[in-house]
Amino acid sequence: YTESGATFTANFIPDWSSWTGFAISNRTETTYKNMIPDQFNNFAGGAHSGSNFCVVYPFGETIELGDKGALVKGFFYTNDAWTADAIINGDGMSPGFFGDEDWLKCTVTGTKLDDTTASVDIYLAKDGDYAWRWLYADLSSLGVVKSLSFNFDGTKKNDWGLTTPTYICIDDIEIV
């Protein structure tokens, strides 16, 4: 999928009936009960503007901005319904819901034309609060970049890594 000069990739994994990367959704439901289709819901209840938003569930996929790169001023983000459900009710693998000391962040890394990188942390949950509405992430400090990658970290972990679902919903990417 390409929009405003940015290319979003998605990978379908037939053996698992699953996907990774970027998916475009127009769902307005805010709850999570079943993986399909509720992983395509966000907690804010629809797009920031218009009718579509992007669900980000990356395993190495990046947003590509071309060989000349671009300045990404920022985007709006909120929690995916599954992620919000895990923050509020617990994820079933780590003890309990998110308390005041728990946090979940998405690090957005921009790769510059010379292959150096710069990053911005976006907190999806921190200090007893979480992204329940659309918030703005200022990415202008990344400068001109040729790609954006997304990585997650948080306090709810087991021996294999994070137990909180690693999704973020984004909309209205500002590319100059």
Side-chain angles (χ1 to χ4, degrees), residues 1-13 16-66 68-87 104-111 117-125 130-154 162 164-176:
Y1 176 75
T2 301
E3 184 174 314
S4 300
T7 302
F8 302 79
T9 57
N11 294 303
F12 180 68
I13 306 162
W16 296 352
S17 294
S18 186
W19 65 280
T20 63
F22 307 91
I24 305 303
S25 177
N26 62 2
R27 294 182 55 85
T28 58
E29 294 82 358
T30 61
T31 58
Y32 177 82
K33 294 181 181 147
N34 299 301
M35 169 120 18
I36 304 292
D38 294 345
Q39 67 181 321
F40 302 106
N41 299 347
N42 72 56
F43 201 67
H48 175 258
S49 69
S51 58
N52 295 325
F53 59 93
C54 182
V55 180
V56 180
Y57 180 57
F59 281 83
E61 297 87 358
T62 60
I63 296 174
E64 297 296 324
L65 299 164
K68 295 180 182 177
L71 174 64
V72 180
K73 293 175 71 176
F75 56 65
F76 286 86
Y77 71 95
T78 192
N79 270 307
D80 178 86
W82 190 8
T83 305
D85 184 72
I87 291 167
L104 175 66
K105 72 177 177 179
C106 177
T107 300
V108 180
T109 301
T111 301
T117 61
S119 298
V120 172
D121 289 333
I122 299 170
Y123 281 87
L124 298 168
Y130 58 95
W132 54 270
R133 64 190 185 288
W134 288 102
L135 302 169
Y136 187 74
D138 183 351
L139 302 180
S140 60
S141 65
L142 300 179
V144 174
V145 295
K146 61 182 178 181
S147 67
L148 295 175
S149 62
F150 297 77
N151 292 295
F152 293 84
D153 196 10
L162 280 177
T164 309
T166 53
Y167 292 78
I168 184 174
C169 296
I170 63 175
D171 199 2
D172 295 330
I173 299 175
E174 296 179 284
I175 300 172
V176 180

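The basis for the numbers below is simple: all heavy atoms, side chains too, and nothing from hydrogens, waters or symmetry mates. Keep in mind that what you see is a predicted model, and the values were worked out from it rather than measured.
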Quick check for you: to the nearest 0.5 Å, what is the distance between [X] atom [atom1] and [Y] atom [atom2]?
X	Y	atom1	atom2	result
Ser25	Asn52	OG	CG	7.5 Å
Trp134	His48	CH2	NE2	8.0 Å
Ile170	Phe53	CD1	CZ	11.0 Å
Ser147	Ile63	OG	CD1	9.5 Å
Trp132	Phe43	CH2	CZ	9.5 Å
Thr109	Asp121	OG1	CG	8.5 Å

Who passes side chain to side chain contact (heavy atoms under 4.5 Å, CB included) against [X], sequence neighbours left out?
X	value
Ala125	Ile87, Phe98, Leu104, Tyr130
Thr166	Tyr57, Phe152, Leu162
Ala118	Lys112, Leu142
Asn151	Ser149

Test side-chain contact (heavy atoms from CB on, under 4.5 Å) applied to Phe150 and Phe22, step by step: CA-CA 11 Å; Phe150 297 77; Phe22 307 91; 3.9 Å; yes
Mutual orientation of the aromatic rings belonging to Phe40 and Trp19 [parallel < 30°, tilted 30-60°, perpendicular > 60°]: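 The arrangement is parallel - the two ring planes meet at less than 30°.
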Please list, chain by chain and in numerical order, all residues satisfying side-chain hydrogen bond (donor to acceptor under 3.5 Å, both in side chains) with [X], sequence neighbours excluded.
X	value
Thr62	Glu64
Thr31	none
Tyr167	Gln39
Tyr136	Glu174

Closest approach of [X] to [Y] (non-hydrogen atoms, all atoms of both residues):
X	Y	answer
Lys33	Asp38	N-OD2, 2.8 Å
Leu71	Gly143	CD1-O, 3.6 Å
Ala137	Ile122	CB-CD1, 3.6 Å
Ser141	Val120	OG-CG2, 3.6 Å
Ala6	Leu65	CB-CD2, 3.6 Å
Cys169	Asn41	SG-O, 4.2 Å

According to salt bridge (charged side-chain N to carboxylate O under 4.0 Å, His left out), who are the partners of [X], at least two apart in sequence or on a separate chain?
X	answer
Asp172	none
Glu29	Arg27
Asp138	none

Worked check of side-chain contact (heavy atoms from CB on, under 4.5 Å) between Thr107 and Asp153: CA-CA 8 Å; Thr107 300; Asp153 196 10; 6.0 Å; no
Chi angles and distances behind the side-chain contact (heavy atoms from CB on, under 4.5 Å) call for Phe59, Asn11: CA-CA 9 Å; Phe59 281 83; Asn11 294 303; over 6 Å; no
Selection residues 70-85 - residue pairs positive for side chain to side chain donor-acceptor pair (under 3.5 Å), sequence neighbours left out: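 Sorted result for residues 70-85: Asp85-Asn89.
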